[in-house]
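In the text below, chain A, chain B and the rest are named by the order of the sequence lines, each starting its count at 1.
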Amino acid sequence: MQRIIMHIDLDQFYAAVEENRKPELKDKPVAICVYSGRTEDSGAISTSNYTARKLGIRAGIPISHAKNLAEKSGQEVIFLPVDMDYYRDISERIMEILENHADILEQASIDEAYLDVTEKTKGSYNAAENMASKIKEEIREKENLTCSIGIAPNKLVAKIASDYNKPDGLTIIMPDEVEKFLSSLPLRKLHGIGPKTIEALESIEISTVAGLAECDVQKLIPLFGGNKARLLVDKARGIDYSSVEEKVSKQISRILTLKNDTNNIDDLIPVIGYLAGELKKKLEKKKASFKTISIITIDTALDMQTKGRTLENATNSTSTIREVSTMLTKEILEGSGKKFRRFGLRVSSLDYGTKKEQKSLMEFK
DNA sequence: CGACGTGTAAC
DNA sequence: CCTTTTACACGTCG
């Protein structure tokens, strides 16, 4: 059965939201920053609007670097701190809109979603196009935001299509157009192919999507292993059988940059206390408990290390998070003695079967 | 196989 | 000199 999949991406989401909140920002370069709090301007740019991108101020670069670029341009650039709670509220309202149009909705991130619309469009690309226009209209009316939409026979191609024309774009790739559409793209545009994979492919003279599509899987197995090798060639051919599914989170983590580098457990105890509280809040919101708890450390050389422990039974107790992570932290400190720059906690092996629900399930039986 | 740690990637 | 959060694949160990 041929599916019709839609991928929707909100345009420069955080920056657009801030422009709505402060209309005087319109037409000015705006950069949304994650300040780490170590020094005045330490941290990175999370999102910027198109005006700022023209100056080279884009996601991922250090805030200090962005300020230099702003200085050089002679323009007034607006730097704002992220306000995740606010963005999340707006995201939730938009996802509700999408939910009403889709057979199945898969939220891929705060500003992205996949919709399986096969049933609602009765398999018609024309109907899907109309639906996309309706969705754009509704998001513009209710939230004053634009989005870019891709429509294609699978998630892989839909995602590339939504990126093809932005902002406020709509790109439809019919099944018989997939091959041609992909062949013109650089490898980097394929979801899941990052710098390391590109480097490995270039080592065997593959540098285009077309080249990868023609490649014999056997040739890739020594580099990537059978599983990933097959996946890579499928990707280049526009083949993707993965289904759109409502995602439930499998882990919850929180990590932060320390005010000062440290290898002293006494400095970390209050940090553990804070992070444990943060995780507890998220667990409550999702009504989940956990069986595994890990600490995540990033040392001064920016090398990451994780260490975890799985409990006998699922729990949601903050004190357990604190106690176990304190033990794990001591263990890592004894092992290396390296100073940490960043520190985080993660809970996984999540269990959504709360006592209440179990009881009602019993009664149902 | 479950548990654990690392690497890669996307946002 | 550099954010945060999540996911998944893979190797390894017992």
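- One can place CD1 of A:Ile221 at 12 Å from P of C:dC10, the figure rounded to the nearest angstrom.
- At a threshold of 4.0 angstrom between heavy atoms, the contacts of A:Arg309 are confined to the sugar-phosphate backbone, with no base atom among them.
- Within 4.0 Å (heavy atoms only), A:Thr197 reaches sugar-phosphate atoms of the nucleic acid but no base atom.
- Going from atom CE of A:Met327 over to atom NZ of A:Lys330 covers 9.0 Å, rounded to the nearest 0.5 Å.
- Ion pairing of A:Lys291 with A:Glu312 is absent here, as no side-chain N (NZ or NE/NH1/NH2) approaches a carboxylate O to less than 4.0 Å.
- Backbone-only contact: A:Ser249 has heavy atoms under 4.0 Å from sugar-phosphate atoms and none from a base.
- Residue contacts for A:Ser294: at a heavy-atom cut-off of 4.0 Å it reaches no nucleic acid atom on any strand shown.
- Evaluation of the ring pair (Phe, Tyr, Trp, His ring centres under 6.0 Å) rule for A:Tyr50 yields no partner, not counting sequence neighbours.
- Considering only side-chain N and O atoms, A:Arg341 lies under 4.0 angstrom from the phosphate OP1 or OP2 of C:dT3.
- Distances shown here put a side-chain N or O of A:Ser36 below 4.0 Å from the OP1 or OP2 atom of C:dT3.
- Considering only side-chain N and O atoms, A:Thr257 lies under 4.0 angstrom from the phosphate OP1 or OP2 of C:dT4.
- Counting non-hydrogen atoms under 4.0 angstrom, A:Ile252 reaches the backbone sugars and phosphates but no base.
- For the pair A:Ser253 and C:dT6, the criterion of a side-chain N or O lying under 4.0 Å from OP1 or OP2 is met.
- Here the nucleotide nearest the side chain of A:Ser109, chosen from B:dA9, C:dT6, B:dC11, is B:dC11.
- Closest-nucleotide positions on DNA chain C for A:Leu302 and A:Lys228 were compared, and the one nearer the 5' end corresponds to A:Leu302.
- One can place CD1 of A:Ile198 at 14 Å from C1' of B:dA10, the figure rounded to the nearest angstrom.
- When heavy atoms are screened at a 4.0 angstrom cut-off, A:His65 is found touching no nucleic acid atom at all.
- At a cut-off of 3.5 Å, with distance as the only test, no side-chain donor of A:Thr257 or A:Ser36 sits close to an acceptor on the other residue.
- Picking from B:dC11, C:dC2, C:dC8 the nucleotide with the shortest atom distance to the side chain of A:Ser64 gives C:dC2.
- As a whole-Å value, the separation of A:Arg346 CZ from B:dA3 C1' is 13 Å.
- With distances taken from any side-chain atom of A:Ile255 to the nucleotides B:dA3, C:dA7, C:dT4, the minimum falls on C:dT4.
- Using a 4.0 Å cut-off, some side-chain N or O of A:Lys250 falls inside it from OP1 or OP2 of C:dC8.
- Candidate nucleotides C:dT4, B:dA9, B:dT6 were compared by shortest atom distance to the side chain of A:Thr306, and B:dT6 ranks first.
- Residue contacts shown for A:Arg188 are limited to sugar-phosphate atoms, with no base heavy atom under 4.0 Å away.
- When the P atom of B:dA9 is taken as reference, atom NZ of A:Lys189 falls 17 Å away, rounded to whole Å.
- In this structure, the nucleotide among B:dG5, C:dC8, C:dT6 sitting nearest to the side chain of A:Lys282 is C:dT6.
- Counting any heavy atom pair closer than 4.0 Å across all strands shown, A:Ile63 reaches no nucleic acid atom.
- In this structure, CD of A:Gln251 is placed 13 Å from C1' of B:dG5, rounded to the nearest angstrom.
- Closest to the A:Gln305 side chain, of the nucleotides B:dT6, B:dC11, C:dT4, is B:dT6.
- Going from atom CG of A:Leu275 over to atom P of C:dT5 covers 9 Å, rounded to whole Å.
- Using modelled atom types, no side-chain atom of A:Asn20 and backbone atom of A:Lys22 make a donor-acceptor pair closer than 3.5 Å.
- At the heavy-atom level, A:Lys159 lies under 4.0 Å from the strands shown only through sugar-phosphate atoms.
- Between the side chain of A:Thr118 and the backbone N or O of A:Ile4 there is at least one donor-acceptor pair closer than 3.5 Å.
- What separates CZ of A:Arg254 from P of C:dT5 is a distance of 5 Å, to the nearest Å.
- Summarising the geometry, the separation between CD1 on A:Ile193 and P on B:dA10 is reported as 9 Å, rounded to the nearest angstrom.
- Each of A:Asp163, A:Leu170, A:Asp168 was compared with A:Lys166 under the side-chain contact (heavy atoms from CB on, under 4.5 Å) criterion, and only A:Asp163 meets it.
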